[in-house]
Asker: 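Before I ask anything, let me first share the structure, which is written out below as structure tokens.
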Amino acid sequence: MTEKNLIVRNRAGIHARPAALIAQTATKFACEVIMIKDDAEVNAKSIMGVITMAAGYNTSITLRTSGPDEVECADAIAQLFENKFEEE
């Protein structure tokens with residue numbers, strides 16, 4: 001299992017477009033991808049699941065991946081967060 005702590009750095013937070021990018025990226029990998037905010041756990045391969053986290057600017061999220069390509073998947077999703085979902 002790979003775990004990363006991510007911070008939402010884009011001002012608008014995770015709305016429809018970033019959620020779609022996260023889900024599309026996660027679906028490219030075979031591993032299980034879970035995002036955790038406070039006590040809520042969602043499947044990162046589900047756009048609706050990601051949106052329901054209501055993660056605003058500066059929110060801390062734990063990304064947990066488990067499976068054959070978990071490290072590559074975690075790195076790819078972390079890169080989305082670092083690039084502010086290419087919004088700024």
Asker: Which residues pass the salt bridge (charged side-chain N to carboxylate O under 4.0 Å, His left out) test with Lys4, not counting sequence neighbours?
Answerer: Asp75
Asker: For the residue pair Val50 and Asn43, what are the closest heavy atoms and their distance?
Answerer: CG2-O, 4.2 Å
Asker: Identify every side-chain donor-acceptor pair in residues 12-24 under 3.5 Å, counting partners at least two apart or on other chains, and give the distances.
Answerer:
unit_1: His15; atom_1: NE2; unit_2: Glu87; atom_2: OE1; d: 3.4
unit_1: His15; atom_1: NE2; unit_2: Glu87; atom_2: OE2; d: 2.8
unit_1: Arg17; atom_1: NH1; unit_2: Phe85; atom_2: O; d: 2.8

Asker: Mind checking side chain to side chain donor-acceptor pair (under 3.5 Å) for Thr25 and listing every partner two or more places apart, or none if nothing turns up?
Answerer: none
Asker: Any chance you could measure Thr52, atom OG1, to Met48, atom CE, to the nearest 0.5 Å?
Answerer: 7.0 Å
Asker: Could you state whether Ile34 and Met53 fall into the same hydrophobic cluster, counting links through intermediate Ile, Leu, Val, Met, Phe, Trp or Tyr residues with side-chain heavy atoms under 4.5 angstrom apart?
Answerer: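 Looking at the clustering, Met53 is in a separate group from Ile34.
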Asker: In the hydrophobic clustering that connects Ile, Leu, Val, Met, Phe, Trp and Tyr at side-chain heavy-atom distances below 4.5 Å, which members other than Val71 occupy its cluster, ordered by chain and number?
Answerer: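 Noted: Val71 shares its cluster with no other residue.
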Asker: Would you indicate whether the side-chain heavy atoms of Cys31 and Cys73 approach each other to under 4.5 Å?
Answerer: yes
Asker: Quick one: salt bridge (charged side-chain N to carboxylate O under 4.0 Å, His left out) pairs with a partner in residues 43-66, sequence neighbours left out?
Answerer: Glu3-Arg64
Asker: So, for Val8 and Gly56, which heavy atoms are closest and what is the spacing to 0.1 Å?
Answerer: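 Shortest heavy-atom contact: CB-O, 3.4 Å.
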Asker: Any salt bridge (charged side-chain N to carboxylate O under 4.0 Å, His left out) pairs touching residues 21-43, not counting sequence neighbours?
Answerer: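 Residue pairs with at least one partner in residues 21-43: there are none.
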Asker: Which residues pass the side chain to side chain donor-acceptor pair (under 3.5 Å) test with Thr59, not counting sequence neighbours?
Answerer: none
Asker: Apply side chain to side chain contact (heavy atoms under 4.5 Å, CB included) to the pair Ile61 and Phe81, showing each step before the final yes or no.
Answerer: CA-CA 10 Å; Ile61 293 174; Phe81 277 78; 4.3 Å; yes
Asker: Atom CD1 in Ile7, atom CG in Asn58: separation rounded to 0.5 Å?
Answerer: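 Ile7 CD1 to Asn58 CG: 7.0 Å, rounded to 0.5 Å.
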Asker: Any heavy-atom pair between the side chains of Leu6 and Ile77 that's under 4.5 Å?
Answerer: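 Sidechains of Leu6 and Ile77: in contact.
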Asker: Could you tell me which residues satisfy side chain to side chain donor-acceptor pair (under 3.5 Å) with Glu86, sequence neighbours excluded, listed by chain and number?
Answerer: none
Asker: Other hydrophobic cluster members with Phe29, side-chain heavy atoms of Ile/Leu/Val/Met/Phe/Trp/Tyr under 4.5 Å, chained?
Answerer: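 ILVMFWY cluster around Phe29 holds nothing else.
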Asker: Using the test salt bridge (charged side-chain N to carboxylate O under 4.0 Å, His left out), find all partners of Glu72 that sit at least two apart in sequence or belong to another chain.
Answerer: none
Asker: Restricting to non-hydrogen atoms, name the atom on Gly49 and the atom on Val42 that form the minimum distance, rounded to 0.1 Å.
Answerer: O-CG1, 3.4 Å
Asker: Identify, with sequence neighbours excluded, every residue that meets side chain to side chain donor-acceptor pair (under 3.5 Å) alongside Asp69.
Answerer: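 Asp69: no side chain to side chain donor-acceptor pair (under 3.5 Å) contacts found.
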Asker: Kindly indicate, with the supporting measurements, whether the criterion side-chain hydrogen bond (donor to acceptor under 3.5 Å, both in side chains) is fulfilled by Thr65 and Glu70.
Answerer: CA-CA 5 Å; Thr65 56; Glu70 63 188 53; 5.2 Å; no
